[in-house]
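First the structure, in the form of structure tokens, and then the observations on it.
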Amino acid sequence: MYIEAFTSHFSNIIDQRQTAKVTYPLEDILFVSLCAVIAGAEGWADIHCYADGHLAWFQKHGYLKEGVPADDTIARIISRIDPDEFSACFMQWMQAVHSASDGQLIAIDGKTLKRSYHRNDRLSTIHMVNAFACENKLVLGQLKTSDKSNEITAIPDLLRLLDIREKLVSIDAMGCQKSIAAQIVKQDGDYLLAVKSNQKSLHDAIMSAFSSVRQAPLSPLAIENKHGRVEARAYHVLSANELEGDFSEWQGLRSIGMAMSYRHCNGKGALTYRYYISSAELPEQKFADAVRSHWFIENSLHWVLDASMGEDHCQIYQNHAAENWSLLRKLSLNMLRSESSKGSIPMKQKRAWMKPEYLEEVLRAGFTSLLEI
């Protein structure tokens with residue numbers, strides 16, 4: 001069942017090679033690479049090693065009839081896949097096997113692939129913008145930018161590829177732009193945008209609106225004592241009508257929010273205020289949940305990609321290889337999380353490396369499950 005699902009979702013990728021010279025079909029190379037990355041592969045040699053170790057299993061399912069290709073062959077084929085085609089297949093797969101409930105949070109943030117630069121040009125490092133469903137910790141899509149500043153232009157392009165109807169989209173201060181807010185509203189979604197000094201008049205107006213709140217005793221407080229530090233948080237929401245000035249250019253603006261956090265660690269304390277705008281009329285608890293959940297994209301995606309999948313240490317960069325590897329990691333991570341057995345991501349990867357039958361469970365869950373996100 002999952003074999004047919006893989007074929008149906010990823011068969012639209014065009015093989016750039018001359019048909020007469022093809023020994024190893026693109027579908028074989030892509031499927032083997034996906035399986036190997038699920039099992040923890042971090043380079044071309046790892047993919048070759050995994051395929052060689054489980055050749056009988058792959059051949060049983062109709063793959064690698066001509067044997068295992070060299071790692072250079074795998075590298076050449078994967079690096080020439082059009083990343084836009086690959087990404088489109090990825091998003092179609094996500095829309096086909098996952099359903100999103102109304103009001104759920106989609107966080108958008110960027111991440112640099114630190115070693116993906118050409119060895120003669122460090123400025124060629126790839127920066128990706130990711131869309132992440134925070135509730136179930138699943139990647140919904142990615143888009144490459146040429147540098148971090150281009151997140152502003154890349155985010156609307158990524159949004160257009162996503163179904164955000166009746167979803168709450170959260171973006172950090174770099175994405176706090178009138179055009180991005182308008183794009184989200186146009187697609188029938190709601191935005192929650194962090195506001196900093198890059199939007200000075202808006203930032204100052206929000207600070208002024210919350211001045212009396214900051215001077216009053218902060219309550220209710222959520223207090224945590226973990227890892228040798230004490231943290232206290234409070235959240236407040238006001239109607240956008242409380243703003244002094246004309247901010248009608250911010251399409252759909254209905255509410256403003258303030259998040260206060262106090263951290264005490266190693267004998268030192270720090271008080272921080274962060275401000276937000278939203279097109280949704282958010283109750284304070286939902287605002288608090290959304291602000292905290294946004295950081296799942298850092299803790300549950302970016303950190304996992306580095307710590308469990310070695311993304312920051314990966315030196316693959318030629319042609320489209322870095323971008324396609326990035327998508328393979330996210331495709332694999334989604335599948336590992338869809339599989340319901342207990343265990344960390346590294347533990348599941350080890351099981352998949354050792355036991356093809358467990359890999360089958362991961363593939364089956366990833367390609368056929370319907371999850372609420």
Side-chain angles (χ1 to χ4, degrees), residues 94 98 100-111 127-143 145 148 151-196 198-199 202-203 206 222 233-238 240 250-261 272-304 330 372-373:
M94 286 302 299
H98 297 93
S101 56
D102 295 344
Q104 293 299 324
L105 183 69
I106 298 174
I108 293 181
D109 196 19
K111 183 181 185 298
H127 188 77
M128 306 298 301
V129 177
N130 303 310
F132 190 67
C134 295
E135 179 99 1
N136 274 48
K137 302 179 182 179
L138 296 168
V139 185
L140 300 180
Q142 70 171 34
L143 194 67
T145 71
K148 189 170 177 60
E151 281 190 26
I152 295 173
T153 56
I155 289 172
D157 291 337
L158 178 58
L159 288 169
R160 277 187 280 271
L161 299 173
L162 299 170
D163 180 5
I164 60 170
R165 287 173 295 176
E166 300 185 357
K167 311 299 181 297
L168 183 63
V169 180
S170 65
I171 313 175
D172 64 15
M174 180 170 286
C176 186
Q177 307 289 331
K178 298 182 184 71
S179 60
I180 291 176
Q183 179 69 38
I184 294 171
V185 172
K186 181 180 178 181
Q187 292 184 225
D188 298 324
D190 282 309
Y191 57 79
L192 178 65
L193 307 178
V195 183
K196 291 185 178 179
N198 63 324
Q199 297 289 346
L202 178 60
H203 183 261
I206 297 174
R233 302 182 185 86
Y235 302 88
H236 294 273
V237 178
L238 295 173
W250 291 91
Q251 190 169 337
L253 177 58
R254 287 188 174 86
S255 60
I256 57 176
M258 180 183 75
M260 184 283 293
S261 62
T272 304
Y273 294 97
R274 288 174 287 136
Y275 301 99
Y276 300 83
I277 59 172
S278 180
S279 60
E281 295 179 355
L282 297 174
E284 287 189 351
Q285 186 57 55
K286 186 170 182 178
F287 169 66
D289 292 342
V291 168
R292 298 208 65 189
S293 295
H294 174 82
W295 298 108
F296 286 178
I297 195 170
E298 291 288 348
N299 301 330
S300 299
L301 177 59
H302 296 168
W303 185 86
V304 173
K330 291 162 187 170
E372 285 288 325
I373 62 173

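These numbers were taken from a predicted model, which means no experiment stands behind them.
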Hey, does the side chain of [X] reach the backbone of [Y] with a donor-acceptor pair shorter than 3.5 angstrom?
{"X": "K167", "Y": "R165", "value": "yes"}
{"X": "S255", "Y": "E281", "value": "no"}
{"X": "E151", "Y": "M174", "value": "no"}
{"X": "S278", "Y": "Y191", "value": "yes"}
{"X": "Q177", "Y": "I152", "value": "no"}
{"X": "N130", "Y": "V139", "value": "no"}

Indicate yes or no: at least one non-hydrogen side-chain atom of [X] is less than 4.5 angstrom from one of [Y].
{"X": "H236", "Y": "E284", "value": "yes"}
{"X": "Q199", "Y": "K178", "value": "yes"}
{"X": "L282", "Y": "L192", "value": "yes"}
{"X": "E298", "Y": "W303", "value": "no"}
{"X": "L159", "Y": "I108", "value": "yes"}
{"X": "D109", "Y": "H302", "value": "yes"}

For residues 287-296, tabulate all N or O donor-acceptor pairs below 3.5 Å that involve a side-chain atom, not counting sequence neighbours.
| from | atom 1 | to | atom 2 | distance (Å) |
| --- | --- | --- | --- | --- |
| D289 | OD1 | Q285 | NE2 | 2.9 |
| R292 | NH1 | E224 | OE2 | 3.2 |
| S293 | OG | D289 | O | 2.7 |
| H294 | ND1 | S170 | OG | 2.6 |

In Å, rounded to the nearest 0.5 Å, how long is the span from [atom1] of [X] to [atom2] of [Y]?
{"X": "I180", "Y": "W250", "atom1": "CD1", "atom2": "CH2", "value": "8.5 Å"}
{"X": "L168", "Y": "I184", "atom1": "CG", "atom2": "CD1", "value": "8.5 Å"}
{"X": "N198", "Y": "C176", "atom1": "CG", "atom2": "SG", "value": "6.0 Å"}
{"X": "K196", "Y": "D172", "atom1": "NZ", "atom2": "CG", "value": "7.0 Å"}
{"X": "M128", "Y": "K330", "atom1": "CE", "atom2": "NZ", "value": "5.0 Å"}
{"X": "L143", "Y": "D157", "atom1": "CG", "atom2": "CG", "value": "6.0 Å"}

Might you point out which heavy atoms bring [X] and [Y] nearest each other, and give the distance in Å?
{"X": "G175", "Y": "I155", "answer": "CA-CD1, 4.2 Å"}
{"X": "A194", "Y": "Y276", "answer": "CA-CD2, 3.6 Å"}
{"X": "A154", "Y": "V129", "answer": "CB-CG2, 4.2 Å"}

By salt bridge (charged side-chain N to carboxylate O under 4.0 Å, His left out) - contacts of D188 (at least two apart): none

